[in-house]
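Here is the structure we will look at.
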Amino acid sequence: VLMLEPDFVQSGDMTVAVHGRANARSPEVSGEAKTIYENPPTPQDQVIYFKEQRRELRFRFESNTLGGDYQMGLVLAHLQEGDGTTLS
């Protein structure tokens, strides 16, 4: 995963992290949570940059904002072929 373009109508900040496995028998690995800002302070904060590699992957969106409200639109993930290394 190189980059994620979030598309949310949101009240409050939220986080996104990459979860997954190197293969079906590997243990679950959780990536670092990145912030999706309600009002991004800079243009670079409008997209989320990752440098994560998983064979099986999922995105986990979370919020701990009191009274937060979130509606997901069309979120785009930019993917690239891995380098062939396997981490377990």
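All values below were derived from every heavy atom in this structure, side-chain atoms included, with hydrogens, water molecules and symmetry-related copies excluded. For clarity, every value in this text was computed on a predicted model and none was experimentally measured. Count residues from 1 along the sequence.
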Euclidean distance, [Y] [atom2] relative to [X] [atom1], rounded to 0.5 Å:
X: Leu2; Y: Phe50; atom1: CG; atom2: CZ; value: 11.0 Å
X: Phe61; Y: Met72; atom1: CZ; atom2: CE; value: 4.0 Å
X: Leu79; Y: Leu4; atom1: CG; atom2: CG; value: 9.5 Å
X: Arg21; Y: Leu57; atom1: CZ; atom2: CG; value: 12.5 Å

Does Glu5 form a side chain to side chain contact (heavy atoms under 4.5 Å, CB included) with Gln46? I'd like the steps, not just the answer.
CA-CA 7 Å; Glu5 295 183 45; Gln46 293 178 8; over 6 Å; no

So, using side-chain contact (heavy atoms from CB on, under 4.5 Å) as the criterion, who are the partners of Pro43 when residues are at least two apart?
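With neighbours one apart ignored, the set is empty.
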
Enumerate the salt bridge (Lys or Arg N to Asp or Glu O under 4.0 Å) contacts for residues 48-57, please, sequence neighbours excluded, ordered by first and then second residue.
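Counting only pairs at least two positions apart or across chains, the salt bridge (Lys or Arg N to Asp or Glu O under 4.0 Å) contacts touching residues 48-57 are Glu52-Arg54.
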
Write out all pairs satisfying salt bridge (Lys or Arg N to Asp or Glu O under 4.0 Å) with one or both partners inside residues 59-76, taking only residues at least two apart or from two chains.
Arg60-Glu62

So, using side-chain hydrogen bond (donor to acceptor under 3.5 Å, both in side chains) as the criterion, who are the partners of [X] when residues are at least two apart?
X: Tyr70; answer: Ser63
X: Asp7; answer: none
X: Gln80; answer: none
X: Arg58; answer: Glu28

With heavy-atom distances below 4.5 Å as the criterion, would you say the side chains of Phe59 and Val1 are in contact?
yes

For residues 9-18, tabulate all N or O donor-acceptor pairs below 3.5 Å that involve a side-chain atom, not counting sequence neighbours.
from	atom 1	to	atom 2	distance (Å)
Gln10	NE2	Gly12	O	2.9
Gln10	NE2	Ile36	O	3.4
Asp13	OD1	Glu38	N	2.7

Under the ring-ring contact (aromatic ring centres under 6.0 Å, His included) test, which residues partner Tyr49, sequence neighbours left out?
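None.
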
